[in-house]
Amino acid sequence: GQNIDQPTEMTATEGAIVQINCTYQTSGFNGLFWYQQHAGEAPTFLSYNVLDGLEEKGRFSSFLSRSKGYSYLLLKELQMKDSASYLCAVRDDYKLSFGAGTTVTVRA
Amino acid sequence: DTGVSQDPRHKITKRGQNVTFRCDPISEHNRLYWYRQTLGQGPEFLTYFQNEAQLEKSRLLSDRFSAERPKGSFSTLEIQRTEQGDSAMYLCASSPIHSYEQYFGPGTRLTVT
């Protein structure tokens, strides 16, 4: 089976940094995705890690440790528009298994 | 680049009725996926097509659900004899053959009353 855990909610102040952790225990692993989803909208791709280490993309960075079954998404210089749900998803061959998502609220 | 489109965006139906949703993937994306998402949860995989072939169906997809992709382009998802538990957002995604990134459509929100 697939077990993907991430915190339910996080709150941070505009301009700050927030780290969203994701732990997984899955039957297969071919990579890990992070998606952003605003309320009522489709998920949009943020990052993809297949090897251990840090991937940086502008204000967003994602880290993967396959041996620990662990990833995090780092959001820097938070902006109000970053208020959204952040979904961790494990790829097994072609399909994705998602966590329940972490709702991030950015306060002024 | 027009992105993945889905129609309708919203559907309200009475229990027991049949509904059909359509997904148009990004042009030349030969992989197409259907997911279902309920409030407060992440999307759950339903089924996957490579071109016109349906390669996997989730256990979540009961015999009331059927999906097709007749010419390897658009896809339809039909739910027969809808139940209140079918109320959810139905998301379609597509990806090209040499990429693992899935591009999601805006979804169809189904409400069964």
Side-chain angles (χ1 to χ4, degrees), chain A residues 1-10 20-24 26-51 55 57 60 62 64 71 73 84-105, chain B residues 1-7 9-10 23-26 29-51 53-61 67 88-111:
Chain A
Q2 315 292 69
N3 190 19
I4 301 166
D5 288 318
Q6 48 182 133
T8 305
E9 294 181 344
M10 301 183 76
I20 305 170
N21 296 324
C22 171
T23 57
Y24 62 89
T26 56
S27 54
F29 182 86
N30 296 110
L32 189 141
F33 286 85
W34 284 95
Y35 280 83
Q36 180 191 60
Q37 186 175 29
H38 286 98
E41 298 182 9
T44 54
F45 170 80
L46 289 178
S47 70
Y48 176 56
N49 294 69
V50 63
L51 299 175
E55 294 279 343
K57 225 179 186 186
F60 295 167
S62 57
L64 175 66
S71 173
L73 179 70
S85 179
Y86 291 84
L87 300 162
C88 171
V90 171
R91 180 180 149 247
D92 179 5
D93 196 5
Y94 47 78
K95 68 184 179 187
L96 299 180
S97 296
F98 286 85
T102 299
T103 299
V104 172
T105 302
Chain B
D1 182 7
T2 56
V4 179
S5 62
Q6 293 186 245
D7 183 70
R9 295 292 307 277
H10 303 274
C23 170
D24 286 88
I26 294 172
H29 279 195
N30 56 353
R31 292 178 176 161
L32 187 146
Y33 315 79
W34 284 98
Y35 291 86
R36 179 172 67 189
Q37 186 175 25
T38 53
L39 201 61
Q41 299 299 314
E44 294 174 293
F45 171 80
L46 293 179
T47 191
Y48 158 66
F49 289 85
Q50 184 163 310
N51 299 312
Q54 187 175 22
L55 297 187
E56 184 171 341
K57 288 173 61 172
S58 163
R59 292 191 309 272
L60 296 173
L61 221 61
M89 175 77 86
Y90 289 84
L91 292 164
C92 175
S94 70
S95 65
I97 191 73
H98 295 300
S99 169
Y100 304 112
E101 180 183 341
Q102 295 184 18
Y103 297 79
F104 283 83
T108 295
R109 180 166 295 284
L110 173 67
T111 302

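The sequence lines fix the lettering, A, B, ..., with proteins before strands; numbering per chain opens at 1. No experiment lies behind these values; they were computed from the predicted model shown.
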Let me confirm one number: the [atom1]-[atom2] distance from [X] to [Y], rounded to the nearest 0.5 Å.
X: Phe45(A); Y: Ser95(B); atom1: CZ; atom2: OG; answer: 12.0 Å
X: Leu96(A); Y: Tyr35(B); atom1: CG; atom2: OH; answer: 4.0 Å
X: Glu101(B); Y: Arg91(A); atom1: CD; atom2: CZ; answer: 12.0 Å

Measure across [X] and [Y] and return the closest heavy-atom pair with its distance rounded to 0.1 Å.
X: Leu87(A); Y: Gly42(B); answer: CD2-CA, 4.0 Å
X: Ala42(A); Y: Pro106(B); answer: CB-CA, 3.9 Å
X: Lys95(A); Y: Gln102(B); answer: CA-NE2, 4.3 Å

>> Within a 6.0 Å radius of atom OH on Tyr100(B), are there more than 12 heavy atoms belonging to other residues, nucleotides or ligands?
In response: no
>> Tell me whether Leu39(B) at atom CG has more than 12 heavy atoms from other residues, nucleotides or ligands lying less than 6.0 Å away.
In response: no
> In terms of heavy-atom pairs under 4.5 Å, which option from Gln41(B), Glu44(B), Met89(B), Gln50(B) contacts chain A the most?
Replying inline: Gln41(B)
>> So, using ring-ring contact (aromatic ring centres under 6.0 Å, His included) as the criterion, who are the partners of Tyr94(A) when residues are at least two apart?
In response: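 Tyr94(A): ring-ring contact (aromatic ring centres under 6.0 Å, His included) contacts with Tyr48(B).
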> Which bit of Gln37(A) is near chain B, if near means a heavy-atom gap under 4.5 Å: side chain, backbone, both or neither?
Replying inline: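 It is the side chain, since no backbone atom gets that close.
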